[in-house]
Amino acid sequence: MRSRITRRVRIKTPDLNLVDRVKGHIDAIVTAAFQAIFPDRITIQYPRERRDVPDNFRGMIQFDINKCISCFQCSFVCPANAIMMRGAPDGRYYPCIDYTRCIFCHFCVDTCPRGALLRTKIHDVAFSSMEEMFATTEELIEPPEMLREDDTVIRYRIENGDLVLEKIEEIAELSTRPEIQVSPAKLSACAHPENCIACTLCYLTCPSNAISVKVVEGKRTFEIDPKLCTGCGLCVKECPTCTLTLIER
Amino acid sequence: MAVSGTSRQKQTDEVMELTLVNTVFQIFSSNMMDIPVIKPLVDVLMTVPIVKYLVALILWKPFFAVILVPGLTGLMLSLLFIIWFERKLTARIQWRMGPLEISRSIGGILQPLADGMRYFFQEIIIHKEAHRPYFVQFPILAFIPVLLPVLFIPAGTVYAIRTPYALPVIVSLISMIPVVIMAIGWASNSRLAFIGTVREAFMYFGYEIPFIIAVLAMAVLYGTSDLYLIVEKQRVWGIALNPISALVFLITMAMATSRLPFEIAEADQEIAFGPFVEYSGILFGLTMTLAYEKMYILGLLFSVLFLGGGSGPPLPFLGDLTPVIWLYIKAVIIMCIMAFLRAVYPRYRIDQALRLGWTYLAGLAVVSVVIAGLISAGGLLP
Amino acid sequence: MREEYLDIPVEPPAEFQPLFVPIPREYVENAFRSDEFIVLVGPQHPGSGHMRIVVRIKGDIIVDALPEPGYVHRSMEKLAENRLYIQNIPLFERPSIMDSSNYNVGYVRAIEDALDIEVPERARYIRTIFCELSRIGTHLYDAGIFSVFLGHTTGFMWPFGLRELICEANLRATGTRVTTSFIVPGGVRADVDDSVLKFIYDSMGVIEKRMKGFEKIFIKNPAVIARLKDVGVLTKEEAIRYGVVGPFLRASGVAYDVRKVEGYDAYDELEWEVPVGDDGDAYTRFLVRVEEISQSIKIIRQAIKNIPRGPILSDDLIGKLKEKDQVRKNIKGYFYRIFSRIRLPQGEFTSQTEAGRGLLLYSIVSDGESNVPYRVRMVTPGWLYLKGFMESLKGSRLADLQAIYGSFGYFPPEADR
Amino acid sequence: MAEACYLCWEVELPERRKKGMKYFGILKEFVIDSGICSHCTTCANICPVRGITAGDKPIDFPNWIELCVDCGACIRVCPRWNYVPLKGMGDYIEILGAKSKRFRGQDGGLVTEIIASAMEMGEIDRAIFVGRDDEWKPVIIHVKSVEQLEGERIRGTKYSFADVIVELRDAVFHTEKGVGVIGTPCMVSGVRKLQKVVKRYSENVKLVVGLFCTENFYHHQLSEFLAEKGIDLTKAVKTDIKKGKFIVEFEDGSKTSFSVKEFDEIIPSGCKVCQDFSGVESDVSVGSVGTPDGYSTVMVRTEIAKKIMDYIRKKDYVEFTEPKPAVVEKLVKYKVKIHPYPPEKKE
């Protein structure tokens, strides 16, 4: 094992004589004095100026209700249990985010199969109470309100081997463009009709009314409408005999 | 009868009073500051009955020296300035902005004032184990040795007391400040304050001897310890005559005022402000400014001994104020140099600082005495 | 010992009695009777971090130092038992936030080892780059804390200012500044743009350039050298005996680096050297880390130059997904589907990683049935060198406590986890 | 997807004997309330909303009027729906007397042995056993390894109803190889009916072990009854019925016994119409009748059971003895006699 580490740098501590010491003192003082005259400032005066952040910035989360398929995956993957799925009047379940718990790992955003959760560049919203930090679905649809004082964007740039703070006189755009997401193309279907006990739970669960049930002559007929089915998998989860499954479209 | 008797009594009283007031007024107006710029205004004011007493008092040279500049008011102004300047300069060196939010348009210079107000309204916590009366008294008492030296420091003709023993008196008064700090540490009755007090005591002996020798060297060099005469004699600034003494004075000044390489007694990261660990509120504000006040006094002394005191290019509009201004500017520059060190150095260990004090500095101080003796004996000085 | 006692009836001071002090009462009495002084450094002390050190001093010399860690213990290992394997990633990077990539890599490698996943080449290079970035970040952070412990405020601000470049690199690549959660089993979460790689490459130059100024004002400052030289010495034998790890072990003359020994990620394919010191004092410990920064810069430059093109997520994990090509570039949209079904086979899987402050060990025990770990053992470097840290305190002055503390870069949240 | 998938499918519904009433209502009226429910809990198993409750009380569906989704699954799986009593010895391949060398059980430990062997063979990977707590209350235990079978609490007969079939649902959907079930003849019938209705059960329930049974009790009734007799079940280590006597064995070795005739008052009504003594539909039936003390009678009925018995024989896990089928036959006929169906009207 040891023989593998053949390349090594020896670190020696210097033995200083008087000349070295005086030189060291002078070096330190000159360096500081140089900075005092030509400072390499990197401070950003935050509420007035704002750091330029990339589009993939993990800020507060915005929600596009039209794309959500109530698949619950965001709430399943959340490591901090910050996402609660709340029943909406239309019978579906939509996420609410508890920002007291959210750790901004954006696992949920990376999980969402339809791109219904959007990243924003907002990270600095002040809340006046703990209750307010619970963002309901309605609050998630619009980007959170915040007081803006900034009129300048600061961008880090490296020029000639040194850091330059580039100042751009503009008000930073904080929302990001939704990334176009390929539809997951899943469809609910019955894999084992012989297992079905005709319990109609799938029909009762389906948030988009894609499953219809008819009773004809002592037989219960189930039908899945592929146009309405969003592939959310709720019926698959509910089915007591595991007859339903998700298939590729 | 009774009525007329009392009225007569009154009249004599008034006469007595008038003569007393007039005598005092005579003393004041005979030794007034002569400032050409405000001369017309002063002349007008001197004709107004009661205001003239006030004007005469303010412009009376001893009063001006002690209460205004370079005394109390100058001290307060320099305090506000140096705390702001120190933070600003350190920030500049450290790629930061420094205090800015308060009075953004003038670079945040009101920040120390705001801090002072915060200290003032903060609760003063006196913990159970502290010696309550002394704990409260000492930060205030500490002002006595800090302020008294101002009496003896001349700015041209503006001075309060002129005595041939000015230098020893000032040095002995300054030497009392660490005693007060030790008393503060004792009254705090806390573990960290105790360690800090012991360190302060060690440091006291470490720097005081080279400091006194360095000052002595200058007294030997000038052949007098009358500060007025010392300033008079400086055709060439003392720093050019005896740079070693100036160096020793500067380093011991850094030690005495707890500037950074020697901020050992207070050592924020090690013993949490040492003797002052238990203080809060305005009492902490007082103890915190103690070192700066000491620095101001030592800066004045350094200017007088090495930088020619109040001498400088004449400013004809200011008359008697000219040396005051020059002295003040020199003292503040010395304070700025001290403030600059803060951004350059870490803190030494107590043993290293003591070793430095007892070996290099004491040696250099003796060398400076020798140099001073040679110069003095060689008659290089007029 | 008994004749050394003062013949005064000594009561330990009142402040020791109501407190919970992790030492027996006899110890306190013994110390006070033998004219020694007990100072509680921390946890509310500007130079202690979130821990307490019970320091017993005789005069100014430290006779004994007892650590009392645990003030920021957050039961990471227990928390991990209730989370999916993938959900543990943001959890495990918390103990040492600046070092998040190294902490992720350790955990992720244990999972990859268990599932026998082959990580794609590009992902390994990206991991190496981020690990080294976080190593530089940790060393800069430690240098800052170290400086301020010595009272050098400029030395505190400059490394923190430089660290901003690391944060910016993290931000551009992963979308967040410190807790990146970027490294996942089988690869990384998203591909890193060439423009970002160029920024990282350039920022290495900035760090190198500005470190020269830092060297003048802090590293080579005679006052600093005077404070650190021959302070808190751990000889080679002592360092090995007390189980010191990482740069602090190397500072004592032991050339051991997990990156070389295990050769994980892309370290085997790059040219770099292991800095080794001889003296084992506080200054050498610091210099070794300064040298490691320049070695890390070297590694990052090579990695960026040599980085191959290709997928960033292992095909073993992608499985039979239809949108393979998309997922190989960016995991977005498939995160849960890919990672929620991670289930380790029965057994115990261990990984060693060279984190910023030394050896980091993860040991995952799986029962083979559940989708959460049965047990995760996480041994952080801070915990490993705590003993060596305490031993090196003995015999130095009280003022050196902070210097030695800083020279070890001890980080209580990391040790307590 | 290898399997065929359907977007449209149909399922036959059972006959609705009473119009305008939900299926559970019909079941309640015709089976539970008419007293022929055997408490086999098959309906509780299949109920998609898990509304049907069993346990230590008669089958019920609280608030069924609102909550029942009216799927009819309970009726389709109920073994007492259109009840035709099974009787006789049934078909069997061989009859054996045996005693396990590995396990101690009620008699020969053969039930445990058969399940353990099936697990070792890899035929099944889990089985549902009934354990007991301190008060002899039945507790369901999912056995996933042979080691689990060595527990003290698992062995022995409990003579109380347990929700074995309810738990079967979880087992069936989590198994990889197959599930083994042990039950009284009515439970065996329930499982067989389930297997007819839901394919998953016929695929995954590999082994059904029937137990010889005359009647079973509600636990609370049994323990109250025994308490009246002055028997503290918490101290008992074994209960047994032998030669018309109920025997309780205590920790200190003492025994109490009384005639089973005294149980008449607490026999559930469902048991009074059951004529199946030997578990006709099971894969293998096990009981103590027909062999000497410490041995069990094993009636091997199907191929899989035969395979397991051959394995046991090969491994030499059991000692064999000569069974007496005549004794079993006698009890079979006795049960038919005491439990007539349709029940005799009481005056």
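The basis for the numbers below is simple: all heavy atoms, side chains too, and nothing from hydrogens, waters or symmetry mates. Here is how names work: the chains are called A, B, and so on, in the same order as the sequence lines, proteins then strands, and each is numbered from 1.
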- Task: Check whether any side-chain N or O of A:Arg58 sits under 3.5 Å from a backbone N or O of C:Thr180 as a donor-acceptor pair, and report yes or no.
- Result: yes

- Message: Please check this pair: side chain of C:Arg83 against backbone of A:Pro79, looking for a donor-acceptor N/O pair closer than 3.5 Å.
- Response: yes

- Task: Answer yes when A:Arg155 and C:Glu168 have at least one side-chain N-carboxylate O distance shorter than 4.0 Å, and no when they do not.
- Result: no

- Starting at SG of A:Cys105, measure out to CD1 of C:Ile86 and round the result to the nearest 0.5 Å. 9.5 Å

- Query: Heavy atoms, side chains only, cut-off 4.5 Å: are A:Pro54 and C:Leu171 in contact?
  - Reply: yes

- Please state whether the side chain, the backbone, both or neither of A:Asn81 comes within less than 4.5 Å of a heavy atom of chain C. neither

- Item | Heavy-atom closest pair, residues C:Gly277 and A:Arg10 | O-NH1, 3.8 Å

- Task: Decide yes or no on side chain to side chain contact (heavy atoms under 4.5 Å, CB included) for A:Phe107 and C:Ser181, but give the supporting numbers first.
- Result: CA-CA 9 Å; A:Phe107 277 10; C:Ser181 307; 4.1 Å; yes

- Query: For the atom pair NZ (C:Lys209) and CG (A:Leu163), what is the distance rounded to the nearest 0.5 Å?
  - Reply: 10.0 Å

- Query: Do A:Ile158 and C:Phe199 come within less than 4.5 Å of each other through their side chains, counting heavy atoms only?
  - Reply: yes

- Nearest atoms (heavy-atom pairs only) where A:Thr31 meets C:Gly213: CG2-O, 3.9 Å

- Message: For a quick test of reading the model, state the closest non-hydrogen atom pair linking C:Arg189 to A:His106 and the distance between them.
- Response: NH2-O, 3.1 Å

- Check each atom of A:His123 against the heavy atoms of chain C and say whether the ones under 4.5 Å are side chain, backbone, both or neither. neither

- Message: Quick one, A:Val53 and C:Arg172 - any side-chain contact, counting heavy atoms below 4.5 Å?
- Response: no

- Item | From A:His25 atom NE2 to C:Asn221 atom CG, the distance as rounded to the nearest 0.5 Å | 7.0 Å

- Query: Does A:Asp27 come within less than 4.0 Å of C:Lys220, counting only side-chain N to carboxylate O?
  - Reply: no

- Is the count of non-hydrogen atoms from other residues, nucleotides or ligands lying under 6.0 Å from A:Asn17 atom CG greater than 12? yes

- Note on the structure: Note: vs chain C, highest number of non-hydrogen pairs under 4.5 angstrom among A:Phe104, A:Phe57, A:Tyr156 is A:Tyr156

- Note on the structure: Interatomic distance, OH@C:Tyr336 vs OG@A:Ser75, rounded to 0.5 Å, equals 8.0 Å

- So what's closer than 4.5 Å to chain A heavy atoms on C:Arg250: side chain, backbone, both or neither? neither

- Query: Given that the side chain runs from C-beta out, which part of C:Ser203 has a heavy atom under 4.5 Å from chain A: side chain, backbone, both or neither?
  - Reply: both

- Please flag which part of C:Gln295 lies under 4.5 Å from any non-hydrogen atom of chain A: side chain, backbone, both or neither. side chain

- Item | chain C contact via A:Cys108 - side chain, backbone, both or neither, heavy atoms under 4.5 Å | neither

- Engaged part of C:Ala190 at the chain A interface, taking heavy atoms whose separation is under 4.5 Å: neither

- Message: Quick check for you: among C:Val184, C:Thr174, C:Asp279, which has the greatest number of heavy-atom pairs under 4.5 Å with chain A?
- Response: C:Thr174

- For C:Gln87 and A:Val77, indicate whether the former's side chain and the latter's backbone hold a donor-acceptor pair under 3.5 Å. yes

- Task: Could you look at C:Asn88 and say if it's the side chain, the backbone, both or neither that has a heavy atom under 4.5 Å from chain A?
- Result: neither

- Query: Do the side chains of A:Ile103 and C:Arg94 get nearer than 4.5 Å, heavy atoms only?
  - Reply: yes

- Among A:Asn56, A:Val109, A:Thr111, the one residue meeting side-chain contact (heavy atoms from CB on, under 4.5 Å) with C:Lys332: A:Val109

- Task: Could you please spell out the steps behind the side chain to side chain contact (heavy atoms under 4.5 Å, CB included) verdict for C:Trp158 and A:Gln35?
- Result: CA-CA 11 Å; C:Trp158 286 15; A:Gln35 286 293 332; 3.4 Å; yes

- Min side-chain heavy-atom separation A:Ile42-C:Arg210 under 4.5 Å: yes

